[in-house]
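Everything below concerns the one structure shown next.
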Amino acid sequence: MKRNWEGLVLRAMGGRDFRLTVLSTESVAGRYQRLLLDDGGLLAACGAHPTMWIRLWFDINGRAHQRAYTLVDPDPATGRLTLEFAIHDGYAARWATNAQVGDTIDATVQGSAFQLPDPAPEHLYLVGDAASLPAVNSLLDAGADIPATVWLEFAHEDEKALTPRARAHHDVTWVPRRDDGQHLVDTVCAALPSGETAHYWVGCEAASTRRITRHARRTLGVGKHQLTSLGYWRAA
Ligand SMILES: Cc1cc2nc3c(=O)[nH]c(=O)nc-3n(C[C@H](O)[C@H](O)[C@H](O)COP(=O)(O)OP(=O)(O)OC[C@H]3O[C@@H](n4cnc5c(N)ncnc54)[C@H](O)[C@@H]3O)c2cc1C
């Protein structure tokens, strides 16, 4: 597959390329496809951190296009990782649904960097959805002792099948996707408190992410270093 300019720029920026191989595939309630992959040396070379994501390359009409996916339970000892694909009408989602054991896919590691603040925050406020649940789960694992309040938007009831890794001191609210995401924005903005010792993490549809981030920064006065936000997908 011929790389486009994005691939060349990423390489120039120090991006590292790997070939992943599908070891097993599992459908979760028809809404997710969970693939176990051999990492082609990725974890040994790059390590892993909470919310770590990679760029997968898909052949779309003969050209390479990248899509971001989050590492689930990366295990450098075995060189294995899992990817969880939310299913919708898209190339990456279709590739995952049809993937067979032995299939390969190219991946680039470039741009992913996150560590929980040190000292640890006293509370985590996390906003996500099906696409960012793997990242939310990695944060709940990494900050297992930290109380957390989590809002997860869902477009279909069976999206709740990919369970949040919540413990007793983690409070999870599922919010239906309504009014193009405005319902999530209103729900979160009405409930989100300000707190100087908290960390805020927002990763949902791009417009919703922007609105929630603006509210946290401008209305609540949340400091830049206290907030991590990234649009995970873009509504058509
Ligand atoms: C850092 C990062 C990490 C990510 N990790 C994951 C992950 O682990 N698992 C995961 O499932 N996604 C993840 N995503 C989101 C994923 O990259 C996007 O959803 C991507 O657009 C999917 O590509 P596609 O080719 O399937 O669809 P596209 O070709 O991009 O879009 C096709 C159509 O589907 C719609 N669409 C795209 N994504 C979604 C969605 N999530 N929900 C509803 N409709 C959608 C679009 O609006 C469009 O109409 C991550 C995104 C980022 C930025």
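Counting starts at 1 for both ligands and their atoms, following the listed order. For the numbers below, each heavy atom of this structure counts, side chains included, while hydrogens, waters and symmetry mates do not.
Every atom of ligand 1 is numbered from 1 in the order shown, and the set under 4.0 Å from a heavy atom of A235 is 47 (O). Distances below 4.0 Å separate heavy atoms of A93 from the following atoms of ligand 1: 26 (O). The distance from ligand 1 to the heavy atoms of G231 drops below 4.0 Å at these ligand atoms: 53 (C). Annotation for ligand 1: atoms under 4.0 Å from non-hydrogen atoms of D89 are 32 (C), 33 (C), 34 (O). Within ligand 1, counting atoms from 1 as listed, the ones closer than 4.0 Å to a heavy atom of F85 are 11 (O). Those atoms of ligand 1 that come under 4.0 Å of a heavy atom in Y91, given as number and element, are 24 (P), 25 (O), 26 (O).
At the top of the distance list for atom 6 (C) of ligand 1, counting protein heavy atoms only, stands A131 O, 3.2 Å. Among all protein heavy atoms, the one lying closest to atom 3 (C) of ligand 1 is Y232 CE2, 3.2 Å. With hydrogens left out, the protein atom closest to atom 14 (N) of ligand 1 is A68 O, 3.3 Å, a heavy atom. Closest to atom 5 (N) of ligand 1, if we only count protein heavy atoms, is T70 OG1, 2.8 Å.
In this structure, R55 contributes its side chain and Q110 its backbone to a donor-acceptor pair below 3.5 Å. Between the side chain of T219 and the backbone N or O of A216 there is no donor-acceptor pair closer than 3.5 Å.
Here Y232 and W201 bring their ring centres to under 6.0 angstrom of each other. Aromatic rings of Y200 and Y125 (six-membered ring for Trp) have centroids within the 6.0 Å cut-off, being under it.
When each of H156, E153, Q182, E159 is paired with R177, the side-chain hydrogen bond (donor to acceptor under 3.5 Å, both in side chains) condition holds for E153 and for no other.
The shortest heavy-atom contact between V72 and R165 is CG1-NH2, 3.8 Å. In terms of heavy atoms, D39 sits closest to A44 at OD2-N, 4.3 Å.
Remark: R167 engages D141 in a salt bridge, criterion side-chain N to carboxylate O under 4.0 Å.
The option from Y32, Y69, W233, F114 that lies nearest to atom 22 (C) of ligand 1, judged by heavy atoms, is Y69. Residue nearest to atom 26 (O) of ligand 1, selected from H88, E84, R67: H88 (by heavy-atom distance).
Between P134 and ligand 1, no pair of N/O atoms sits closer than 3.5 Å. Considering backbone and side-chain N/O atoms, A92 comes within less than 3.5 Å of an N/O atom of ligand 1. Between A86 and ligand 1, an N or O atom pair is found at a separation short of 3.5 Å. An N or O contact shorter than 3.5 Å links A236 to ligand 1 by distance. Polar contact check, L230 against ligand 1: no nitrogen or oxygen pair lies under 3.5 Å apart.
At a heavy-atom distance under 4.0 Å, only side-chain atoms of W53, from C-beta outward, approach ligand 1. Of all the heavy atoms of R234, the ones lying under 4.0 Å from any atom of ligand 1 belong exclusively to the backbone.
Atom CZ of R19 has 12 or fewer heavy atoms from other residues, nucleotides or ligands within 6.0 Å.
For A135, the heavy-atom gap to ligand 1 stays at 4.0 angstrom or more.
Between M52 and S138 there is no side-chain heavy-atom pair separated by less than 4.5 Å. Taking the side chain as every heavy atom from C-beta outward, L23 and R80 approach each other to under 4.5 Å.
In this structure, R34 is not positioned above the aromatic face of Y32 in the sense of NZ or CZ being under 6.0 Å from the six-membered ring centre and within 45° of the axis.
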